[in-house]
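Below you'll find the structure, written out as structure tokens, and then a few comments.
The analysis underlying the following values was restricted to heavy atoms, covering all of them including side chains, and did not include hydrogens, waters or symmetry mates. Quick note on labels: first sequence line is chain A, next is B, and so on, each numbered from 1.
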Number of protein chains: 2
Amino acid sequence: MDDIQPPGRLVTLTDVARAAGLGESTVSRVLRNHGSYSKRAGERVAEAVARLGYVPNRLAGSLAGQGASARLVGVVIPSLANVVFPDLLRGLTAALDAEGIPCVIGVSDYDPDREEALAAALLSWRPAALLLTGLEHNPGTVALARAGGVRVVEMIDTDGAGIDAVVGFSNRAVGAASGRHLVARGYRRIGYLGHDLAVDLRAGKRLAGFEAALGEAGLALRAKEIRPGPSSPTSGRVGLEKLLARHPDLDAVYFSNDDMALGGYFACLAAGVAVPGRLALFGFNGLDFAAAMPQPLSTVRTPRLEIGRQAAACLTGDGPKTIDLGFELIEGATA
Amino acid sequence: MDDIQPPGRLVTLTDVARAAGLGESTVSRVLRNHGSYSKRAGERVAEAVARLGYVPNRLAGSLAGQGASARLVGVVIPSLANVVFPDLLRGLTAALDAEGIPCVIGVSDYDPDREEALAAALLSWRPAALLLTGLEHNPGTVALARAGGVRVVEMIDTDGAGIDAVVGFSNRAVGAASGRHLVARGYRRIGYLGHDLAVDLRAGKRLAGFEAALGEAGLALRAKEIRPGPSSPTSGRVGLEKLLARHPDLDAVYFSNDDMALGGYFACLAAGVAVPGRLALFGFNGLDFAAAMPQPLSTVRTPRLEIGRQAAACLTGDGPKTIDLGFELIEGATA
DNA sequence: AACCAGATTGGCAGCGCTGCCAAAAGACGA
DNA sequence: TCGTCTTTTGGCAGCGCTGCCAATCTGGTT
């Protein structure tokens with residue numbers, strides 16, 4: 001037969017139908033294994049598909065199908081530089097790949113306006129669901145999400161009201177638990193070292209919970225160093241050096257996350273500051289390296305992969321719900 | 001007017017046209033700012049869009065448009081657990097977001113069969129381009145990519161022949177440069193510590209280049225430790241402990257990447273092994289923490305973000321080409 | 001041989017949009 | 001005022017597929 005297609009034109013379902021000597025609907029049924037068809041039809045279609053190299057066009061399929069929503073999910077995350085978000089995606093893609101649903105991603109750079117623009121752009125692909133990060137969004141984003149007629153899942157943070165489904169943990173509670181831990185261990189001259197809070201709202205919530213816990217014990221934060229830019233070990237190292245220069249009397253430092261804490265640990269090693277004897281360090285996230293350190297980092301392990309998985313699981317259900325996956329305080333050896 | 005839509009039905013371009021008292025084509029032209037239209041038409045459409053909360057349906061738009069290819073790119077990466085790939089995506093999304101093109105991603109888990117399945121799945125969305133990782137693929141993947149009628153870009157590795165465009169650096173050359181560096185520094189009893197090479201082919205190429213460089217100097221690898229599973233600081237720490245137990249005489253270790261090297265460094269700190277006096281360490285990737293360590297890690301910085309950016313830039317052009325972005329050896333203080 | 005329920009099949013409208021083309025509306029000079 | 005050129009506009013086919021419905025076929029039954 002003539003396998004030769006006019007170049008530039010891709011093989012369509014109609015081509016397959018013709019090649020298989022069947023109707024389009026039969027081919028469609030066979031390909032989706034939906035409805036009934038004979039064994040003979042199945043074989044002929046398989047043969048024609050293989051011979052012509054047919055790749056279905058889901059653009060057309062989704063457009064024609066029920067509800068016109070695509071087997072895609074839109075995901076807006078604030079960053080790819082912080083391990084948290086790739087981990088989230090990891091849990092998500094692992095769960096979704098099993099169903100053959102890919103993610104369309106947008107990176108907002110922590111900018112609510114970009115988030116709104118990305119949400120609109122992603123919704124224009126008519127995804128089955130829209131996944132956002134955190135609970136704080138522009139009114140426009142919320143309106144879009146509600147009007148989009150799709151399932152909306154907000155990931156990571158449970159401290160507040162969500163649009164639809166919410167999967168995460170309480171950042172405030174993490175901060176509080178961390179604060180109580182330091183207080184219980186007898187630390188009294190406590191400092192905080194973080195990256196930009198106006199940008200990373202969840203770090204701000206942790207800090208609020210942390211300060212509240214100190215307050216319960218009649219304490220207050222002795223010093224606070226906020227570094228511009230994203231979190232990183234380098235930022236943590238530089239930040240801790242500055243913090244110690246200004247407040248040499250600190251006996252513990254709470255970091256906005258493990259990356260910052262690693263930098264802080266390196267600063268201590270370099271300066272010969274005994275950890276935790278002279279200075280205790282406490283992180284957040286429970287990354288792999290925290291456990292590999294000569295003294296395992298005291299930190300809080302967050303269920304990042306599980307958040308992604310549960311978010312994927314939410315897509316099938318409906319109705320608002322909040323899943324709090326909790327967290328685990330790792331005592332470690334640095335605080 | 002009746003802003004009320006029958007629930008469940010989303011606003012369409014036809015609705016906007018009716019609400020604005022214009023024809024569909026005029027509305028389409030206004031929305032895409034393509035072709036000419038009057039100021040009055042522009043205003044009326046803007047008003048109707050805002051009032052009805054219209055979100056265009058790109059599924060339909062792409063299907064109807066020229067060439068029927070969507071303003072999407074499909075990306076298949078092997079993992080999200082290794083920073084390299086999020087960094088790649090970071091460069092990519094930064095460049096593509098500017099054009100309003102989102103990425104549809106698939107994670108293959110280093111499995112060529114999954115890669116093929118994902119490539120097929122992504123191609124079914126008729127993306128403007130398909131981005132793959134590395135140069136080694138199933139024959140089926142290559143056939144799909146060629147037949148898909150889309151631009152194909154293979155990222156990261158330039159050691160071999162590509163399908164279409166290739167953006168990356170020579171992993172073999174990285175390994176060779178690393179080997180020559182260690183030899184030049186006078187190390188002679190050199191070991192290798194890596195994660196699964198059968199899975200991470202590029203790590204294997206680096207090792208091959210490394211061994212070749214040792215060979216040039218009349219040396220051979222003294223010991224090799226391959227850890228199962230993905231790379232991580234924990235794996236690096238455990239691996240180095242094993243390696244040193246078996247070969248206490250090693251004077252340098254080449255790691256498959258910085259994560260492994262960090263774990264190795266921690267092992268040295270914990271065991272009181274002087275670095276680099278007693279044991280030199282050499283990594284790969286040039287991650288942020290490498291520079292923040294008390295002794296900056298000797299490693300090779302790879303242009304991960306730039307690869308993503310250049311890959312995005314490739315999408316507009318056509319014709320096969322290879323862009324070698326090179327790498328930078330960072331002397332550091334550990335080797 | 002006529003009949004029937006169930007399995008299998010094909011035709012065709014239509015998903016929401018764009019591209020093409022022709023019609024309508026302005027702009028301008030004679 | 002009229003004709004001509006340009007700008008603006010709307011109608012409609014059709015992108016590739018799915019869902020619906022009616023047509024056809026199958027294998028018993030009577």
Item to check | Residues in contact with DNA chain D, drawn from residues 23-36 of chain B - heavy-atom cutoff 4.0 Å | outcome: B/Gly23, B/Ser25, B/Thr26, B/Arg29, B/Ser36
Next on the checklist: Could you measure the distance from the CG atom of B/Leu22 to the OG atom of B/Ser28? Nearest 0.5 Å is fine.
Outcome noted: 12.0 Å
Roughly how many Å is it from [atom1] in [X] to [atom2] in [N], rounded to a whole number?
{"X": "B/Asn57", "N": "D/dC15", "atom1": "CG", "atom2": "P", "value": "18 Å"}
{"X": "A/Lys39", "N": "C/dA7", "atom1": "NZ", "atom2": "C1'", "value": "16 Å"}
{"X": "B/Leu10", "N": "C/dG16", "atom1": "CG", "atom2": "C1'", "value": "11 Å"}
{"X": "B/Tyr37", "N": "D/dT8", "atom1": "OH", "atom2": "C1'", "value": "12 Å"}
{"X": "A/Leu123", "N": "C/dG16", "atom1": "CG", "atom2": "P", "value": "16 Å"}
{"X": "B/Arg40", "N": "D/dT7", "atom1": "CZ", "atom2": "P", "value": "18 Å"}
{"X": "A/Leu63", "N": "D/dG19", "atom1": "CG", "atom2": "P", "value": "12 Å"}
{"X": "B/Leu13", "N": "C/dC17", "atom1": "CG", "atom2": "C1'", "value": "7 Å"}

Checklist entry - Picking from A/Leu123, A/Val150, A/Asn138, what satisfies side-chain contact (heavy atoms from CB on, under 4.5 Å) with A/Leu144? => result A/Leu123
Counting only N and O atoms by type, is there a donor-acceptor contact under 3.5 Å from the side chain of [X] to the main-chain atoms of [Y]?
{"X": "B/Thr93", "Y": "B/Arg90", "value": "yes"}
{"X": "A/Ser62", "Y": "A/Arg58", "value": "yes"}
{"X": "B/Asp164", "Y": "B/Val152", "value": "yes"}
{"X": "A/Arg304", "Y": "A/Phe85", "value": "no"}
{"X": "B/Asp159", "Y": "B/Asn171", "value": "yes"}

Item to check | Check ion pair A/Arg40-A/Glu43 (N to O, under 4.0 angstrom) | outcome: no
Item to check | Basic-acidic side-chain contact under 4.0 Å: A/Asp97, B/Arg114 | outcome: yes
Checklist entry - Distance check: side-chain N/O of B/Tyr54 vs OP1/OP2 of C/dC17, anything under 4.0 Å? => result yes
Checklist entry - For the helix from C/dA1-D/dT30 to C/dA30-D/dT1, what is the angle between the axes at its two ends, each from 5 pairs, rounded to 10°? => result 60°
Next on the checklist: By the 4.0 Å heavy-atom rule, please label B/Ala17 as base, sugar-phosphate, or nothing.
Outcome noted: nothing
Item to check | Nearest-neighbour nucleotide for the A/Ala60 side chain, D/dG16, C/dT18, D/dT9 considered | outcome: D/dG16
